[in-house]
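Each remark here refers to the structure printed beneath this line.
Here is the naming used below: chain letters follow the sequence lines, and residue numbers restart at 1 for every chain.
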Number of protein chains: 2
Amino acid sequence: MATKQRGRPRSFDRPTALEQATMAFWERGYETTSVSDLTRVMGISAPSLYAAFGDKRTLFEEVVAEYVLSHGAFGVRAFLEEPTARAGVARMLREAALHYTEPGHPRGCLVISAAVNCSTPEVEEALRARRNANLASIEDRIRRDVESGELPAATDPRVLARLGGAVLQGMSQQARDGATAEELAAVAEAAMLAWPPA
Amino acid sequence: MATKQRGRPRSFDRPTALEQATMAFWERGYETTSVSDLTRVMGISAPSLYAAFGDKRTLFEEVVAEYVLSHGAFGVRAFLEEPTARAGVARMLREAALHYTEPGHPRGCLVISAAVNCSTPEVEEALRARRNANLASIEDRIRRDVESGELPAATDPRVLARLGGAVLQGMSQQARDGATAEELAAVAEAAMLAWPPA
DNA sequence: CCCATTCCCTAGTGGTCGTTACAGAAAGAC
DNA sequence: GTCTTTCTGTAACGACCACTAGGGAATGGG
């Protein structure tokens with residue numbers, strides 16, 4: 001197979017540049033982040049960006065794909081590692097309080113905020129679909145616990161999942177509005193009081 | 001004082017045009033709504049818009065001021081007309097579920113969504129300040145009920161207010177993501193289970 | 001060495017952005 | 001009617017947008 005590349009080597013580190021693009025899109029959203037913003041934070045010129053990543057939309061898709069596997073993976077991890085839906089949601093919200101306010105990267109969640117007020121319908125729809133898919137998988141996890149008897153039979157999985165999602169989205173915006181980690185952690189704990197008793 | 005205007009009369013109805021601008025900003029946000037979008041939906045040319053409303057930012061400020069007194073007034077009304085903080089928050093969330101999904105206007109809340117990913121800091125900050133002021137006044141209302149004994153002394157007004165705000169913001173985004181009035185109403189009811197018992 | 005390949009940057013492309021200069025049109029004042 | 005005032009639309013302004021043509025630079029293969 002291919003061993004060595006033939007031509008002039010790339011003068012920048014592609015994963016690093018991708019991460020810098022992630023930070024820019026995370027901070028300002030898809031639409032508001034211009035290609036010249038990107039070339040500035042990535043430290044490369046526009047033709048290099050287009051050669052390495054395709055157009056702006058393709059770069060954004062790659063950014064989102066990388067984001068959900070790294071910064072945004074805490075939600076999936078919570079459900080993989082916790083034994084119950086309740087513990088999964090509680091941990092997801094608790095970790096969101098920390099992650100959404102952590103120094104070193106923009107506040108809140110890229111998937112939640114980056115395509116709000118976006119005039120490119122495909123981009124808006126792609127993130128919307130991710131959010132609704134996350135909601136559906138939380139709902140499925142809750143439904144399994146209702147069917148197993150872990151949660152009361154009267155529990156409506158759809159409503160409980162939507163409530164968790166709404167709190168998560170609200171926490172993301174409040175993080176962007178300046179809420180502290182402690183304030184969001186308290187919101188997360190308070191929200192769990194809405195769950196049927198453990 | 002001034003009785004009749006002297007020059008050529010305006011050929012459009014100013015309040016109607018303002019409402020049409022409101023719909024456009026509500027639908028697409030401040031940044032994404034261009035002046036030519038505005039002139040199209042308002043049915044006037046750019047110089048007429050500038051003469052009647054000033055620049056885009058001034059028009060947006062007037063739109064927001066009118067919005068919070070009309071479409072967005074249900075929240076303030078809830079606290080004015082309900083006897084307790086708990087009833088006020090419950091009614092605010094319940095009415096939001098209806099209003100955020102009502103046909104005839106864009107979904108969700110303009111104050112919550114219109115300045116997300118906005119590259120004009122003054123506009124972003126103006127709506128952020130409104131959101132934080134709303135949070136503070138809900139907190140004050142809750143604190144009064146704690147001090148009067150209506151709510152348990154252990155209640156943290158700041159946390160309960162933030163939770164209500166987070167659910168409201170989450171409901172706004174979920175309305176934009178396609179949630180139905182029934183789904184949001186159920187979320188509103190479920191969220192109130194997090195409150196200390198009435 | 002020379003060549004093919006691949007990346008680099010400079011300098012643009014046409015299009016849209018928010019905004020405005022300007023001249024004609026429609027009203028009241030006289 | 002004539003003047004002043006205020007609104008009207010046409011047609012631009014410079015700045016920025018996403019994107020790319022084209023030519024030089026740096027590598028490996030022969």
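- Out of D:dA18, C:dA29, D:dT27, the shortest distance to the side chain of A:Y50 is found at D:dA18.
- The distance between atom CZ of B:R57 and atom C1' of C:dC17, rounded to the nearest whole Å, is 17 Å.
- A salt bridge does not link B:D140 with B:R144: every distance from a Lys NZ or Arg NE/NH1/NH2 to an Asp or Glu carboxylate oxygen is 4.0 Å or more.
- Within 4.0 Å of A:P47, counting heavy atoms only, lies at least one base atom of the nucleic acid.
- Counting heavy-atom neighbours within 6.0 Å of B:R158 CZ, excluding the residue itself, gives a total of 12 or less.
- Candidate nucleotides C:dC8, D:dC7, C:dA27 were compared by shortest atom distance to the side chain of B:R8, and D:dC7 ranks first.
- The nearest whole Å value for the distance from the CG atom in A:L59 to the P atom in D:dC17 is 16 Å.
- Between A:D55 atom CG and D:dT20 atom P the separation is 8 Å, expressed in whole Å.
- B:M42 places its CE atom 11 Å from the P atom of D:dT8, with the value rounded to the nearest Å.
- One can place CG of A:L49 at 13 Å from P of C:dC7, the figure rounded to the nearest angstrom.
- Within the nucleic acid shown, B:A46 comes within 4.0 Å of at least one base atom, counting heavy atoms only.
- Note on B:R141 versus B:E82: no salt bridge recorded, every NZ/NE/NH1/NH2 to OD/OE distance being 4.0 Å or above.
- Here the P atom of nucleotide C:dG18 and the CG atom of B:L38 are 8 Å apart, to the nearest Å.
- Among the nucleotides D:dA18, C:dT19, C:dA4, the one closest to the side chain of B:K56 is C:dT19.
- Using a 4.0 Å cut-off between a side-chain N of Lys or Arg and a carboxylate O of Asp or Glu, B:E31 and A:R28 do not qualify as a salt bridge.
- Here the OG1 atom belonging to B:T120 is positioned 7.5 Å from the CZ atom belonging to B:R57, to the nearest 0.5 angstrom.
- Closest to the A:R10 side chain, of the nucleotides C:dC8, D:dT4, D:dT27, is C:dC8.
- At distances below 3.5 Å, at least one donor-acceptor pair connects side-chain atoms of A:R107 with backbone N or O atoms of A:A175.
- Residues of residues 12-37 of chain B having a heavy atom closer than 4.0 Å to DNA chain C, listed by number: B:T33, B:S34, B:V35, B:S36.
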